[in-house]
Each structure stands twice: as structure tokens, then as C-alpha cells.
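In each ligand, atom 1 is the first atom listed, and ligand 1 is the first ligand listed.
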Amino acid sequence: MSIVDKLKWRYATKKFDTNKKLSAPQLDQLLDAIQLSPSSHGLQHYKVLVIENPGVRAKLREAAYGQPQITDASQLIVFAAETNMDEVYGKNFISLIAETRSVARETLGGLEGMVLGAIASRTPEQRVLWAQKQAYIALGVLVAAAAALGIDAGPMEGFDPAKFDEILGLKEKGLTATVIAAVGFRADDDHFSKLVKVRRPKNELFIHI
Ligand SMILES: Cc1cc2nc3c(=O)[nH]c(=O)nc-3n(C[C@H](O)[C@H](O)[C@H](O)COP(=O)(O)O)c2cc1C
């Protein structure tokens, strides 16, 4: 299957087969894809929670308008944006680059100035929005990677972030729930899998200049 065929195969799964679980290597590949997601400056301004605990998931389902994907999928992935992006976060990131690429930290002064400037130029609220945008990119990468691997995914923003933050103790971790995805395998009788995709025509969607 071409990548386009795989993207046609995928759909936002509403009904998961509760008996089918991702294997450990399948889950690892999805997490690899998320880890490799691009982000502004490479800052990865979020953390990603992989939730399997049935009791926690039951509570989260209540905070997500009862959506069954929350409890029935193999795993629930929560993308939580950083709420405390500060100079220290930026500096730690520059140290990670120096370590990973085995270069002296002092040689990264220009990059450090740019990254710290990008953080300092934003208000705390703008920093959270900035982080949330990056979380959505990671969601997109997850959804596409899952399709490529023949794994089903249901992206969702139909949930109460404040309640999620409370249930998962995210506030004290400097995080806020932003967007979520259920991953697993579709139930045979999920009628959404049979629906024809509705997409705006290319001549309305694309502008070639
Ligand atoms: C960011 C985002 C949030 C979404 N939230 C929900 C949701 O809360 N519940 C749901 O059933 N579907 C949700 N969807 C699925 C969309 O409705 C679906 O992707 C869209 O209708 C296109 O259909 P398809 O993905 O099956 O091709 C969401 C999708 C995205 C990308």
C-alpha cells in the first residue's frame, strides 16, 4: 500500500476491539514516531502520557463526554503541553544538544541566544499556546505513523482539560492536557470504518502560486 492508500485506510476510530492490544514493539514504534516529531527549535514543549490503567481511564472517560475510545482502546495517549517554559528549560535544551552532538556548550551561544529569545519574547500564556501547537504536530505524526503501521488511532479533543489535569495530576508537573489519541485496533462493527471520506475538493483546498 502506498502512504496515500494507508491514509485512506485510516479513520478516526470510534469503536475499538477490546480484545486486541498493541504488542510491545508496536507501541514502541508509535512512541518512537512521537519522539521523532518535529517541534519549534526542537524544544518538544510537551510530555506524552501512555495510559493503560483501567481505573484512571474510567475517570478520564467521564471527563471526555463518555467517549468509549478512552477505555476501550489498547492505550490512551495524552499530549500535555508544558506550562512552565522558562529560561532554565531553554538552557537544559542547549545542554542536551551539546551532549548529544558532543560539541562544547560554548559553541552553541548563538543558538542559545535565539532559543532563549524565542522563549522570553512570549508571555506565559503565549508560551502555553506555542507548546500546544507543537503537541498537535506530534499528534499528527502519531496518526500518520499509526496508519503506516496498520494500527488504528482516534484523535480527540472532546474532553475537559481541567478535569484531565486534575485526574492525572498534571498541574503540579507543569503540564496541561492538550489533545489525546486512543490507539489499538478497530472493532469489526465500527460503522465509521465504512464511511466514505469527506474532504474538501483539491481545487478549494490548495492554492498554487
Ligand atoms: C484534533 C482532533 C480532535 C478530534 N476530536 C474528536 C473527538 O473528540 N471525538 C471523536 O470522535 N473524533 C474526534 N476527531 C476525529 C475527527 O472528527 C475526524 O478526524 C474527522 O471527522 C475526519 O475523519 P477521519 O479522520 O475519519 O478521516 C478529532 C480529530 C482531530 C484531528
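Ile180 contributes atom CD1, which lies 4.5 Å from atom CE of Met156 (distance to the nearest 0.5 angstrom).
Enumerated by chain and number, the residues approaching ligand 1 to less than 4.0 Å through a heavy atom are Arg10, Tyr11, Ala12, Lys14, Gln67, Gln69, Tyr136, Pro155, Met156, Glu157, Gly158, Lys197, Arg199.
Using a 4.0 Å cut-off between charged side-chain N and carboxylate O, Arg105 and Glu112 make a salt bridge. Salt bridge status for Lys15 with Asp189: present, with a side-chain N to carboxylate O gap under 4.0 Å. We find that Lys14 and Asp190 are not joined by a salt bridge, their nearest charged nitrogen and carboxylate oxygen being 4.0 Å or further apart.
Between the side chains of Arg186 and Ser193, no donor-acceptor pair is found at a separation under 3.5 Å.
Annotation for Ala148 and Ile3: closest pair CB-CD1, 4.4 Å, computed over non-hydrogen atoms.
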